[in-house]
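Beneath this line is the structure, given in structure tokens, with notes to follow.
When reading the values below, keep in mind they use all heavy atoms of this one structure, side chains included, and skip hydrogens, waters and symmetry mates.
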Amino acid sequence: QVQLVESGGGLVQAGGSLRLSCAASGHAFSSYAMGWFRQAPGKEREFVAFIRYNGGRTYYADSVKGRFTISRDNAKNTVYLQMNSLNPEETDFYFCAAGPAPTVRVVDYDNWGQGTKVTVSS
């Protein structure tokens with residue numbers, strides 16, 4: 001099990017950028033695939049990006065491809081999500097998650113952070 005804590009959310013203007021961080025503690029962070037998801041109130045949690053345990057593979061939702069970048073630093077037990085060209089429709093809670101394999105499915109991740117709020121103003 002790993003414990004995950006997201007940070008870096010906040011208020012940004014449309015077109016702006018934010019970098020989210022997810023710090024992990026616990027056992028063997030470097031063996032976990034990591035994902036970022038987002039969720040608006042009353043909506044289902046949706047996939048944003050994932051990264052393989054060693055950083056060797058990344059994958060993005062079509063809606064963020066070319067604007068968001070996921071990365072990880074296993075020495076620091078941290079995964080990042082660089083978000084550029086944000087738009088107001090991306091105002092959500094953003095969650096990081098750890099699991100045994102990199103997938104787009106919420107159910108495949110068994111460790112979740114508490115989320116960080118991102119608000120994009122128009």
Enumerate the residue pairs fulfilling ring pair (Phe, Tyr, Trp, His ring centres under 6.0 Å) with a member in residues 95-122, sequence neighbours excluded, ordered by first and then second residue. F37-Y109, F37-W112
Determine which pairs satisfy salt bridge (charged side-chain N to carboxylate O under 4.0 Å, His left out) with at least one residue from residues 109-122, sequence neighbours left out, and list them in order. none
Determine which pairs satisfy disulfide bond (SG atoms under 2.5 Å apart) with at least one residue from residues 49-122, sequence neighbours left out, and list them in order. C22-C96
Just jot down the side chain to side chain donor-acceptor pair (under 3.5 Å) partners of T103, sequence neighbours excluded, or say none. D108
Selection residues 32-89 - residue pairs positive for disulfide bond (SG atoms under 2.5 Å apart), sequence neighbours left out: none
Has N74 got a side-chain atom pairing as donor or acceptor with Y53's backbone, closer than 3.5 angstrom? yes
Residues at least two apart in sequence or cross-chain that pass side-chain contact (heavy atoms from CB on, under 4.5 Å) with V104, listed by chain then number, are F47, F50, Y59
Members sharing V2's hydrophobic cluster, built from side-chain contacts under 4.5 Å between Ile, Leu, Val, Met, Phe, Trp and Tyr, are L4, V12, L18, L20, F29, Y32, M34, W36, V48, I51, Y60, V64, F68, I70, V79, L81, M83, L86, Y94, V118, V120
Listed once per pair and sorted, the side chain to side chain donor-acceptor pair (under 3.5 Å) pairs that draw on residues 12-22, sequence neighbours left out: S17-N84
Identify the two heavy atoms, one from P102 and one from A33, that lie closest to each other, and give their separation to 0.1 Å. N-CB, 3.3 Å
Taken in chain and number order and not counting sequence neighbours, the residues that satisfy side chain to side chain donor-acceptor pair (under 3.5 Å) with R67 are E90
Pairs in or reaching into residues 40-52: which pass salt bridge (charged side-chain N to carboxylate O under 4.0 Å, His left out), with residues at least two apart or in two chains? R38-E46
How would you list all residue pairs meeting disulfide bond (SG atoms under 2.5 Å apart) that involve residues 25-83, not counting sequence neighbours? none
I'd like to know if the side chain of E6 and the backbone of G115 have a donor-acceptor N/O pair within less than 3.5 Å. yes
Please round to the nearest 0.5 Å and tell me the distance separating atom CD of E89 and atom OG of S122. 8.5 Å
Close side-chain approach of L11 and S121, heavy atoms under 4.5 Å: yes
Which pairs with one or both residues in residues 40-75 pass disulfide bond (SG atoms under 2.5 Å apart), sequence neighbours excluded? none
May I ask you to decide if T119's main-chain N or O and T91's side chain share a donor-acceptor pair within less than 3.5 Å? no
